[in-house]
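One structure is given here, and the rest of the page talks about it.
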Amino acid sequence: MTDLRERAVALYDAFTHEHRDRRAFMREMVALTGSAVAAEALVAAIAASPAAAQQVKADDPRLRTGTAKGVEAGKPASAYFAAPRDAGGRKLGTVLVIHENRGLTEHIRDVARRVALAGFRAVVPDLLAPQGGTPADEDRARDMIAAIDMDLALAQAQAALARAARQRSGSGKVGVVGFCWGGAFVNRLAVAAGPALNAGVAYYGPAPDPSEASRVQAPLLLHYAGRDARVNATGLPWAKALQAAGKQVEAHVYPDVDHAFNNDTSKERYNPTAAKLAWDRTIAFLHARLDA
């Protein structure tokens with residue numbers, strides 16, 4: 001069963017990140033599991049469930065939440081935000097939360113609320129807003145991510161950084177945390193943003209070419225899954241290049257866990273022990289660099 005599970009996770013990872021055809025993917029899963037019913041059940045356990053594992057209710061009275069819409073870099077922009085209702089007189093750092101390749105899902109909104117309860121102002125840009133916004137259909141969202149204008153997405157994220165730094169109620173410092181596709185985006189933003197970014201945390205994000213490491217100015221915290229060969233092929237060389245360039249970087253590999261180990265809506269991939277350790281490291285790292 002362990003071998004079957006690992007092969008199924010690898011197939012799902014290839015399907016969701018290499019834009020493979022769903023029908024071909026399901027044929028492979030049926031061949032692996034022996035029946036369509038077993039294949040559907042296993043895929044459901046591996047995939048993220050939008051309704052699962054909400055840790056912080058959307059109407060939690062400790063938080064102020066909402067959605068803001070506007071125009072950034074000449075194109076439609078939208079963001080979900082969450083912040084403590086009572087900051088106790090403190091000026092809070094802002095954390096941009098960058099979504100996975102499914103767009104701004106309920107899970108990512110929940111993550112933003114967790115960030116806010118940890119003592120930050122959380123802002124989640126919907127980087128699919130220029131294409132009409134995150135759709136309910138995850139396959140369509142992944143297709144939209146594949147077609148995204150990365151220069152535009154980076155420009156909109158940098159505009160969000162600048163706006164957050166100007167907030168009178170904030171500390172003037174801005175960080176970013178991203179997951180999967182969002183983790184890759186964190187690395188790209190660190191290259192592009194220069195001193196405007198004060199801290200970056202990337203969860204299992206594919207990395208830029210190591211030659212770009214010299215352009216990074218923000219301290220980075222990088223989380224990798226031990227079984228995630230696809231991401232680690234670029235991520236680990238990226239971490240070494242940052243170290244060689246004298247950058248402030250912490251890189252952690254969590255053994256015997258899968259890509260998306262932090263996502264508690266994925267029954268088969270979520271690892272609570274690794275997720276808690278990575279989250280505790282993330283919150284401590286961000287407080288050390290963003291608090292007033």
Side-chain angles (χ1 to χ4, degrees), residues 53-70 72 77-99 104 106-127 156-179 182-183 185-186 189-190 192-203 216-223 247-250 252 262 264 275-292:
Q54 183 185 69
Q55 290 191 19
V56 185
K57 292 182 178 180
D59 60 353
D60 190 301
R62 295 171 293 177
L63 299 175
R64 291 183 296 104
T65 62
T67 299
K69 295 182 182 292
E72 295 286 12
S78 178
Y80 176 79
F81 64 85
R85 192 171 291 278
D86 181 4
R90 296 178 296 120
K91 289 186 176 292
L92 306 181
T94 299
V95 177
L96 266 61
V97 181
I98 308 298
H99 54 67
L104 206 175
E106 287 305 316
H107 169 65
I108 291 298
R109 288 184 177 88
D110 189 50
V111 170
R113 293 191 292 270
R114 300 175 206 179
V115 169
L117 286 182
F120 302 97
R121 299 171 62 253
V123 178
V124 193
D126 183 353
L127 295 174
Q156 291 195 328
Q158 289 179 87
L161 290 178
R163 186 185 311 104
R166 295 193 300 266
Q167 286 286 336
R168 292 182 179 179
S169 60
S171 70
K173 299 176 182 179
V174 190
V176 60
V177 58
F179 304 86
F185 191 88
V186 167
L189 185 59
L197 181 65
N198 298 110
V201 182
Y203 278 75
V216 172
Q217 296 190 41
L220 295 180
L221 173 61
L222 309 174
H223 300 299
K247 305 301 179 179
Q248 297 180 58
V249 59
E250 297 177 34
H252 300 280
N262 185 73
D264 50 1
K276 183 181 186 306
L277 178 56
W279 185 256
D280 289 347
R281 285 169 168 166
T282 294
I283 297 305
F285 179 86
L286 292 171
H287 272 304
R289 289 154 182 84
L290 304 183
D291 287 356

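Numbering of residues begins at 1 and proceeds along the displayed sequence.
For Arg85, there are no salt bridge (Lys or Arg N to Asp or Glu O under 4.0 Å) partners two or more places apart in sequence or in a different chain. By the salt bridge (Lys or Arg N to Asp or Glu O under 4.0 Å) test, Arg121 pairs with no residue at all, sequence neighbours left out. Listed by chain and number, the residues in a ring-ring contact (aromatic ring centres under 6.0 Å, His included) with His252 amount to none (sequence neighbours excluded). When the salt bridge (Lys or Arg N to Asp or Glu O under 4.0 Å) test is applied to Lys57, no partner is found at least two apart in sequence or on another chain. Among residues two or more places apart in sequence or in another chain, the ring-ring contact (aromatic ring centres under 6.0 Å, His included) test is passed with Phe179 by Tyr203. For Arg109, the salt bridge (Lys or Arg N to Asp or Glu O under 4.0 Å) test picks out Glu106, with sequence neighbours left out.
Using a 4.5 Å heavy-atom cutoff, the side chains of Asp264 and His107 are in contact. Inter-residue side-chain proximity for Thr282 and Leu221 is flagged as met; some heavy-atom pair is nearer than 4.5 Å. Residues Val115 and Trp279 have side chains in contact (heavy-atom distance under 4.5 Å, counting atoms from C-beta outward). Looking at Leu286 and Val201, their side chains come closer than 4.5 Å, going by heavy atoms from C-beta outward. Counting only heavy atoms from C-beta outward, the side chains of Val97 and Tyr80 never approach each other to under 4.5 Å. The closest side-chain heavy-atom distance from Arg113 to Asp60 is not below 4.5 Å. You'll find the side chain of Leu92 reaches within 4.5 Å of the side chain of Pro84, heavy atoms only.
Formation of a donor-acceptor pair under 3.5 Å by the Thr65 side chain with backbone atoms of Ala82 is not found in this model. One N or O on the side chain of Asp110 and one on the backbone of Gln55 form a donor-acceptor pair closer than 3.5 Å. Side-chain atoms of Lys69 do not come within 3.5 Å of backbone N or O of Ala77 as any donor-acceptor pair. Distance alone, capped at 3.5 Å, is enough to place a donor-acceptor pair between the Lys91 side chain and the Arg168 backbone. When atom types are taken as modelled, the side chain of Arg90 and the backbone of Ala87 share a donor-acceptor pair closer than 3.5 angstrom. For the pair His99 (side chain) and Asp126 (backbone), a donor-acceptor distance under 3.5 Å is absent.
Distance check, rounded to the nearest 0.5 Å: OG1 of Thr94 to CZ of Phe81 gives 12.0 Å. Note that CD of Gln156 is 10.0 Å distant from OG of Ser78, once rounded to the nearest 0.5 Å.
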Notebook entry, point to check: Stepwise, does the side-chain contact (heavy atoms from CB on, under 4.5 Å) test hold for Val174 with Leu290?
Noted result: CA-CA 6 Å; Val174 190; Leu290 304 183; 5.6 Å; no

Notebook entry, point to check: Could you walk me through whether Leu189 and Gln158 pass the side-chain contact (heavy atoms from CB on, under 4.5 Å) check?
Noted result: CA-CA 8 Å; Leu189 185 59; Gln158 289 179 87; 3.7 Å; yes

Next item on the list: Under the side-chain contact (heavy atoms from CB on, under 4.5 Å) rule, what do Ile283 and Phe120 come out as? Steps first, then yes or no, please.
Entry: CA-CA 9 Å; Ile283 297 305; Phe120 302 97; 4.3 Å; yes

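Here the shortest heavy-atom pairing between Ala218 and Leu197 reads CB-O, 3.3 Å. Closest approach of Val123 and Pro125 over heavy atoms only: O-CD, 3.4 Å. Counting all heavy atoms, side chain and backbone alike, Ala160 lies closest to Leu96 at CB-CD2, 3.9 Å. Counting all heavy atoms, side chain and backbone alike, Gln217 lies closest to Pro195 at NE2-CD, 3.5 Å. The two residues Gly183 and Ala202 come nearest to each other via the heavy atoms O-CB, 3.5 Å. Scanning both residues, Leu63 and Ala116, for their nearest heavy atoms gives CD2-CB, 3.7 Å.
For the side chain to side chain contact (heavy atoms under 4.5 Å, CB included) criterion with Arg281, the lone passing option out of Glu250, His223, Lys276 is His223.
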